[in-house]
Asker: 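Can you read through this structure? Questions will come right after.
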Amino acid sequence: MSEQIGELLPPPRLMLTPGPSCVDPRVYRALATPLVGHLDPWFTTMMDDVQVLLRRVFRTENRLTFPISASGSGGIEAAVVNPLEEGDEAIVCINGWFSERMAIIAERTAAKVHRIEAPYGRPVDPEDVRRVGRGKKVKFVGLAHGETSTGVIQRLDDYRKVADELGALLVVDAVATLAGVPLDVDRQRIDICFSGAQKAISAPPGTAPITVNARTEEVLRGRKSKVQSWYFDLTTTMNYWGKERTYHHTPPVSLIFALREALRLVLEEGLEARWERHRHNQQALVAGLEAMGLEFFVPNPADRLITVTAVRVPKGIEDLKVRRQLLDEFNIEIAGGFGPIKGQIWRVGLMGFSSQFNNVLLFLAAFEKVLLDQGFHVSAGAGVAAAVRASLKPQSVAIGERK
Ligand SMILES: *Cc1c(COP(=O)(O)O)cnc(C)c1O
């Protein structure tokens, strides 16, 4: 090699994307923990800790709760291929890219899949699920709790009710919501729930926590055929994460160390306090964007996902130029839209360690500057001022409002 490949020195980015989110320094430190073997008794004890922490974060007593060695999409894969086999019928609620992915994976199984679609920016109507499922032997109702591609949240209890009527398992993609938005696996009776480490949990990407209840375990034991995927077969992976601790595959040891520390941070803060922090910062962001004259992609405020806010790109403004300038000038990364809404929306993520009020203020100030440079008329400071006002405690009085 004629030229030397230099040291790794990434720019100090602020990731305000729908993942990966920024990571607490304590998690980086855990990531650098010296390796031990994955069958070492010390490591297997540490695995118990991770499972205890995950159960607390998912709010479940489920035995089968552990991190899959994969990104969030591996969570979808495991949640879909384990319960479904030949002769089954499944309903997948689609309102964006990730719920679509669940349908695409389901269609690769031998099961019959019914797609129920909602326009982008809206939740799927539970009534449509009821109507399509009526008279059928539906085994599986799957949906995304938070659809990250459009910034929509769906009310799980409504789908649980329909799944109960149909006698189906409720399968929930909580990749964008776990540890950022209220979610209670046992109380909401979710049969299979999975997430991704790099979103509101704020660990590095590469593990997908999953939890499966006793009813689902029963379904898995009753399968007539083998799970089509060897790697994602929960019944065998569980022998490693279960009592036996027998070798299945080598897990990403360092990522599990990091996940453990991230989960400890979640519980130190407290789930309720964390949900409230996410809500508070998103409200400040929304107030700021609104004051800047921007429009939201999700029309109904009650449907807006707290962890990802989707804003419309104003007419005459180029999506990519804005994102490029934010990155080059301010080291801030936000996301665009993909699929049918490419170029039409920006998605601002406030997840986990990234969800901080100072990040909201910095982003709004930088965004105003960039939009002004790109020719969008906004009165400078309007966004920041509105965010500050929105964040004040009820008893505080802002300067200028004093009587
Ligand atoms: C990010 C995301 C995924 C995919 O996760 P990867 O880690 O990119 O594989 C799936 N579902 C939802 C809702 C997501 O936000």
Side-chain angles (χ1 to χ4, degrees), residues 8 19-21 23-79 81-82 174-175 178-179 185 192-214 216-217 220-221 226-227 229-269 352-353:
L8 260 184
S21 51
V23 163
D24 189 286
R26 270 174 55 185
V27 174
Y28 283 124
R29 241 179 287 141
L31 196 58
T33 304
L35 287 177
V36 296
H38 58 289
L39 297 172
D40 186 311
W42 182 86
F43 188 75
T44 52
T45 308
M46 199 272 321
M47 286 162 68
D48 291 335
D49 298 343
V50 173
Q51 290 184 284
V52 167
L53 292 166
L54 274 180
R55 287 190 192 102
R56 289 182 192 155
V57 172
F58 272 122
R59 297 213 154 162
T60 185
E61 305 277 321
N62 291 343
R63 186 184 74 93
L64 207 57
T65 305
F66 66 97
I68 296 175
S69 313
S71 77
S73 303
I76 310 182
E77 187 105 22
V81 302
N82 279 280
V175 175
L178 184 69
V185 166
I192 305 178
C193 190
F194 58 90
S195 191
Q198 81 276 26
K199 308 241 172 159
I201 296 172
S202 275
T207 62
I210 191 167
T211 186
V212 163
N213 66 8
T216 308
E217 279 196 59
L220 299 188
R221 271 194 293 276
K226 281 198 170 152
V227 176
S229 163
W230 179 87
Y231 194 76
F232 290 114
D233 185 339
L234 291 178
T235 56
T236 48
T237 327
M238 197 50 209
N239 293 334
Y240 177 57
W241 282 95
K243 272 210 185 66
E244 297 94 68
R245 301 291 193 215
T246 45
Y247 168 75
H248 181 263
H249 65 271
T250 310
V253 172
S254 307
L255 293 181
I256 293 172
F257 288 158
L259 176 65
R260 181 184 185 276
E261 191 61 13
L263 294 170
R264 266 164 39 83
L265 280 159
V266 169
L267 294 165
E268 266 174 37
E269 180 176 9
F353 192 64

Asker: Nearest 0.5 Å, please: how far is CG in L53 from CZ in R260?
Answerer: 6.5 Å
Asker: Taking P41's backbone N and O only, do any of them form a donor-acceptor pair with T45's side chain (distance below 3.5 Å, no angle check)?
Answerer: yes
Asker: Do M46 and D40 have side chains that get closer than 4.5 Å, going by heavy atoms?
Answerer: no
Asker: Taking atom OG1 of T44 and atom NZ of K243, what is their separation to the nearest 0.5 Å?
Answerer: 14.0 Å
Asker: Atom CG of L54 and atom CG of L263: how far apart are they, to the nearest 0.5 Å?
Answerer: 5.0 Å
Asker: Can you name the side-chain hydrogen bond (donor to acceptor under 3.5 Å, both in side chains) partners of R26, sequence neighbours left out?
Answerer: E261, E268
Asker: Within a strict 4.5 Å, meaning less than it, do heavy atoms of the V266 and S202 side chains meet?
Answerer: no
Asker: Contact between F257 and P34 at the side-chain level, heavy atoms closer than 4.5 Å - yes or no?
Answerer: no
Asker: Flag the pair F66 / M47 as yes when at least one side-chain heavy-atom distance between them is below 4.5 Å, and no otherwise.
Answerer: no
Asker: Of Y247, W241, F43, which is the lone residue that meets ring-ring contact (aromatic ring centres under 6.0 Å, His included) with H38?
Answerer: Y247
Asker: Is it true that atom CD of E61 has more than 12 heavy atoms of other residues, nucleotides or ligands lying nearer than 6.0 Å?
Answerer: no
Asker: What are the two closest non-hydrogen atoms of I210 and A78, and how far apart are they?
Answerer: CD1-CB, 4.1 Å
Asker: Taking atom types as modelled, is there a side-chain donor on T216 or N213 under 3.5 Å from an acceptor on the other?
Answerer: yes
Asker: With heavy-atom distances below 4.5 Å as the criterion, would you say the side chains of N82 and D233 are in contact?
Answerer: yes
Asker: Which atom pair, heavy atoms only, marks the closest approach of R63 to E217?
Answerer: NH2-OE1, 2.6 Å
Asker: Between D24 and R264, does any side-chain N to carboxylate O distance fall below 4.0 Å?
Answerer: no
Asker: Rounded to the nearest 0.5 Å, how far apart are OG1 of T33 and CG of L35?
Answerer: 9.0 Å
Asker: Provide the closest heavy-atom pair for V57 versus A179 in the form atom of the first, atom of the second, distance.
Answerer: CG1-CB, 4.3 Å
Asker: When you look at R56 and V52, which way does the side-chain contact (heavy atoms from CB on, under 4.5 Å) test go after all the steps?
Answerer: CA-CA 6 Å; R56 289 182 192 155; V52 167; 3.4 Å; yes
Asker: Could you measure the distance from the CD atom of E77 to the CZ atom of F194? Nearest 0.5 Å is fine.
Answerer: 10.5 Å
Asker: To the nearest 0.5 Å, tell me how far L265 CG sits from I201 CD1.
Answerer: 12.0 Å
Asker: Any side-chain heavy-atom pair from N62 and C193 closer than 4.5 angstrom?
Answerer: no
Asker: Please find the pair of heavy atoms, one from S254 and one from L31, that lie closest to each other, and give the distance.
Answerer: O-CD1, 3.5 Å
Asker: Under 3.5 Å, is there a donor-acceptor pair between the side chain of T60 and the main chain of R55?
Answerer: no
Asker: Only pairs under 3.5 Å count here: list side-chain donor-acceptor contacts from residues 67-76, not counting sequence neighbours, and write none if there are none.
Answerer:
residue	atom	partner	partner atom	Å
S69	OG	H249	NE2	2.7
S73	OG	R101	NH1	2.7

Asker: Identify the two heavy atoms, one from G206 and one from L255, that lie closest to each other, and give their separation to 0.1 Å.
Answerer: CA-CD1, 3.8 Å
